Amino acid sequence: IYLDGKFYMYFSFEYYEDVPDQGGHHQAMHVAVSENPMGPFTLAGQIAHPFSIDSHIVKTDAGLFLFYSPNTFEGERIGTHIVVQKMKDPYTLEGEPTVVLLASIDEEIFSSNRYKEGQHWHTLEGAFWFQEGEWQYLMYSGGRYEDETYFVGYAAAKTTEQDLTKVKFQKMPDENTYAPLLRSNDWEEGTGHNSVIKVDGQYYCVYHARNTEADGLNGDRRNARIAKMHVDNQPEEPIMFSPDIPKALNGIIMKAISKKPQARYQSAAEFATDLRTVLISPEVSLDKDASATQFIPVISSNKKLTAALLK
């Protein structure tokens, strides 16, 4: 971060001059300072005890805040989680950390039976905060980087609160659903630890990954990648891009991706019922907030859609 003519870089490393955490971890967060973003940076000191990794410092109207990941050995899903803490200045944390996100699904397991049988270790790390309009977003990485389910997810909060210790983030779409923004695909794996930039109105997600195709080299060959990222407080309706999409299918899609969990389909059966209705009668229209019993007939026809879905 750039503050008052200086650049501050926050990072962690194995630090043996401090007491490790309960699990024997030594990684501790430090800060280095430079007058040039290219360096050289001078180590200014330690700012958090072990275990503390993956820092992201944010400045709002309420001051400086630091997101980072410590460990917790309490609760059903122990492991690395995400907290936020206010800072007195770029070198000093203030008060106690506030828990922001905890592990809640099996895809966030880093290691099974790590300390004792039946007790799995979870990992949420790499927090990155940004704001768009009335929405605040917190992106994060979950799971083990070697697993195909390792992913980048996000939490959101609609609020104008600038004291980030008071913001209540909700995992999207909810805390019990695995819905990654990034995960292993046909050409890359190990997708995680992202940051976000915005250039000329376009968002970009910068992250690390490795090619799925073997390169003949030993070790983990992750490198930096970049991809366009679309951030819409309310998703645009598919029918805006393809007018031929039946209104019923448009309504089903909008209901399924609603930002409000209570407005989405509450079960697979409910979702299937609406899809069957479209197959049987593509002339109907479904409002994005409606249920299958609230279809409104419209004067249109699309037999091609029925045939395509039946295939």
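As the structure is a computational prediction, the values presented were derived from the model and not from experiment. All values below come from the heavy atoms of this structure, side chains included, with hydrogens, waters and symmetry mates left out.
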Query raised in the report: Using 4.0 Å as the upper bound for N to carboxylate O, is an ion pair formed by E188 and R225?
Result: yes
Requested in this report: Answer yes if the side chains of N223 and H208 hold a donor-acceptor pair under 3.5 Å, and no otherwise.
Outcome: no
Query raised in the report: Would you say the side chain of E108 lies within less than 4.5 Å of the side chain of T123, judging by non-hydrogen atoms?
Result: no
Query raised in the report: Which heavy atom of V84 sits nearest a heavy atom of F65, and at what distance?
Result: CG2-CB, 4.0 Å
Requested in this report: Return yes if some donor-acceptor pair links the side-chain N/O of N194 with the main-chain N/O of Y207 below 3.5 Å, else return no.
Outcome: no
**Report entry** Ring center gap for Y68 and Y10 short of 6.0 angstrom
**Finding:** no
Query raised in the report: If you take all heavy atoms of N113 and G118, which pair is closest and at what distance?
Result: OD1-N, 2.7 Å
Query raised in the report: If only atom types and distance count, is the side chain of S69 paired as donor or acceptor with the main-chain N or O of L124 below 3.5 Å?
Result: yes
Requested in this report: Would you indicate whether the side-chain heavy atoms of M29 and F13 approach each other to under 4.5 Å?
Outcome: no
Check: residues 97-107 side-chain donor-acceptor pairs under 3.5 Å, at least two apart:
residue	atom	partner	partner atom	Å
S104	OG	K171	NZ	2.9
S104	OG	E175	O	2.5
D106	OD1	R77	NH1	3.1
D106	OD1	R77	NH2	3.1

**Report entry** Donor-acceptor contact below 3.5 Å, side chain H30 vs main chain A28
**Finding:** yes
Query raised in the report: Does the separation of the ring centres of F151 and Y178 fall below 6.0 angstrom?
Result: yes
Report task. Please answer whether the main-chain N or O of A179 pairs with a side-chain N or O of T177 as donor and acceptor at a distance below 3.5 Å. Result -> no
Query raised in the report: Between L182 and T191, which heavy-atom pair has the shortest distance, and what is it?
Result: C-OG1, 3.6 Å
Query raised in the report: Heavy-atom distance under 4.5 Å between the side chains of D147 and Y145, does that happen here?
Result: no
Requested in this report: Apply ring pair (Phe, Tyr, Trp, His ring centres under 6.0 Å) to F41 and list each qualifying residue two or more places apart in sequence or on a separate chain.
Outcome: none
Query - Cationic N near anionic O, under 4.0 Å, K6 to E35 - result: no
Query raised in the report: Taking the side chain from N250 and the backbone from I239, do they hold a donor-acceptor pair closer than 3.5 Å?
Result: yes
Report summary line: Applying salt bridge (Lys or Arg N to Asp or Glu O under 4.0 Å) to E125 and not counting sequence neighbours gives none
Query raised in the report: Should H120 and F110 be marked as a ring-ring contact (aromatic ring centres under 6.0 Å, His included) after you check the CA-CA gap, both sets of side-chain angles, and the distance that decides it?
Result: CA-CA 8 Å; H120 309 315; F110 180 88; over 10 Å; no
Got a list of side-chain donor-acceptor pairs under 3.5 Å for residues 56-64, not counting sequence neighbours?
residue	atom	partner	partner atom	Å
H56	ND1	W129	N	3.1
T60	OG1	A62	N	3.1
T60	OG1	Q162	O	2.7

Query - Distance-only side-chain donor-acceptor flag, Q46 / D18, under 3.5 Å - result: yes
Query - Side-chain H-bond candidate by donor/acceptor type, T80 with N71, under 3.5 Å - result: yes
**Report entry** SB check K158 E134 (cutoff 4.0 Å)
**Finding:** yes
Requested in this report: Determine, for K198 against E132, whether the closest basic-nitrogen to carboxylate-oxygen distance falls under 4.0 angstrom.
Outcome: yes
Requested in this report: Sequence neighbours left out, what passes side chain to side chain donor-acceptor pair (under 3.5 Å) with T165? Give chain and number order.
Outcome: D163
Requested in this report: For Y16, enumerate each residue passing the side chain to side chain donor-acceptor pair (under 3.5 Å) test, keeping only those at least two apart in sequence or located in another chain.
Outcome: E14
**Report entry** Exam field: side chain R264 to backbone P173, donor-acceptor pair closer than 3.5 Å
**Finding:** yes
Report task. Could you tell me whether the side chain of V152 reaches within less than 4.5 Å of the side chain of P180, counting heavy atoms only? Result -> no
Requested in this report: Looking only at non-hydrogen atoms, find the nearest pair between T277 and T273 and report the distance.
Outcome: OG1-O, 2.8 Å
Query raised in the report: Side chains of Y265 and D274: do they bring a donor and an acceptor to under 3.5 Å?
Result: yes
Query raised in the report: So do the side chains of E94 and Q85 get within less than 4.5 Å of each other, counting heavy atoms only?
Result: no
Report task. Check the pair F128 / F67 against ring-ring contact (aromatic ring centres under 6.0 Å, His included), numbers first and verdict last. Result -> CA-CA 8 Å; F128 188 92; F67 289 93; 9.4 Å; no
Report task. Would you please indicate if the ring centroids of Y203 and F130 are separated by under 6.0 Å? Result -> yes
Query raised in the report: Any side-chain heavy atom of Y150 within less than 4.5 Å of one from S141?
Result: yes
Query raised in the report: Which word best sums up how the rings of F7 and Y2 line up, parallel for under 30°, tilted for 30 to 60°, or perpendicular for over 60°?
Result: tilted
Query raised in the report: Can you find a pair of side-chain heavy atoms, one from R114 and one from H122, that are under 4.5 Å apart?
Result: no
Requested in this report: Please answer whether the main-chain N or O of P37 pairs with a side-chain N or O of S34 as donor and acceptor at a distance below 3.5 Å.
Outcome: no
Query raised in the report: Looking at M254 and P238, what are the two nearest heavy atoms and their distance?
Result: SD-CD, 3.7 Å
